[in-house]
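In this text the structure is predicted, and so the values were computed from the model without any measurement.
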Amino acid sequence: MGRIFDAINEVVFQTQVMVQGDSEARKFAKEARVGDTWWSVETHAMPWGDTPLAREHRFTKVDKLISGQAMSGHRCAADVWAAHGPLFRSPPAGVMTHQEYLDSGSWQFPGASERDQVKARDTVRKLVAAGR
C-alpha cells in the first residue's frame, strides 16, 4: 500500500513540477546523483526563539518506476528541492546539525524541571534517530 501511495504522490508531484515549470527543482534533479549528500537549512520554532538547523539529505537509490531521479528516502530529488530547497553540497558554516544541537544542550527549556528536561531530551533523541 505504501509503495502505491508513494508512486501516486510522485506522479502528482512530477505533474505539478511540469505544469509550474519549477526550473530550480528540475535543475537540481538533473544534478543529484546516487551517493551524493546535500544539506538544507531548516528553521525550527522553539518557545525561546527560532533555531536554524542543518539537515542532511542522502541520495541512496534511483526511482526506477516513474521519474528516474535519485531518491532520498521516499522522495525524488525534485521533491526534496521543492520541500527543503535550496540545498548545499556541504553543511552551511555556523549552522548546527540536529545531532550537534542535541549534544550542545541548547535545546533545554529555560526554567523547566529536571524531569521535563529528561523527557524533552528523550523526545529530541527519538526525533533525531527518526531523521526528523
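- Between W38 and F88, every side-chain heavy-atom pair lies at or beyond the 4.5 Å cut-off.
- Within the 4.5 Å cutoff, side-chain heavy atoms of R89 are placed close to those of D36.
- Applying the side-chain contact (heavy atoms from CB on, under 4.5 Å) criterion to T37, with sequence neighbours excluded, gives W39, E56, R58.
- Between atom CG of residue L87 and atom CZ of residue F59 there is a gap of 6.5 Å, rounded to the nearest 0.5 Å.
- Heavy-atom minimum distance, P52 versus V95: O-CG1, 3.7 Å.
- Within the 4.5 Å cutoff, no side-chain heavy atoms of V41 are placed close to those of L53.
- Judged by distance alone, the side chain of S72 and the main-chain N or O of R75 form no donor-acceptor pair under 3.5 Å.
- When the salt bridge (charged side-chain N to carboxylate O under 4.0 Å, His left out) test is applied to R33, no partner is found at least two apart in sequence or on another chain.
- The two residues A32 and A70 come nearest to each other via the heavy atoms O-CB, 3.9 Å.
- Partners of H57 according to the side chain to side chain donor-acceptor pair (under 3.5 Å) rule, which considers only residues two or more places apart in sequence or in another chain, are S40.
- Under the 4.5 Å side-chain criterion, counting only non-hydrogen atoms from C-beta, E24 is in contact with K27.
- Note that the CG atom of D79 and the NE2 atom of H74 stand 7.0 Å from one another [nearest 0.5 Å].
- Put simply, the side chain of E42 never gets that close to the backbone of A54: no donor and acceptor are under 3.5 Å apart.
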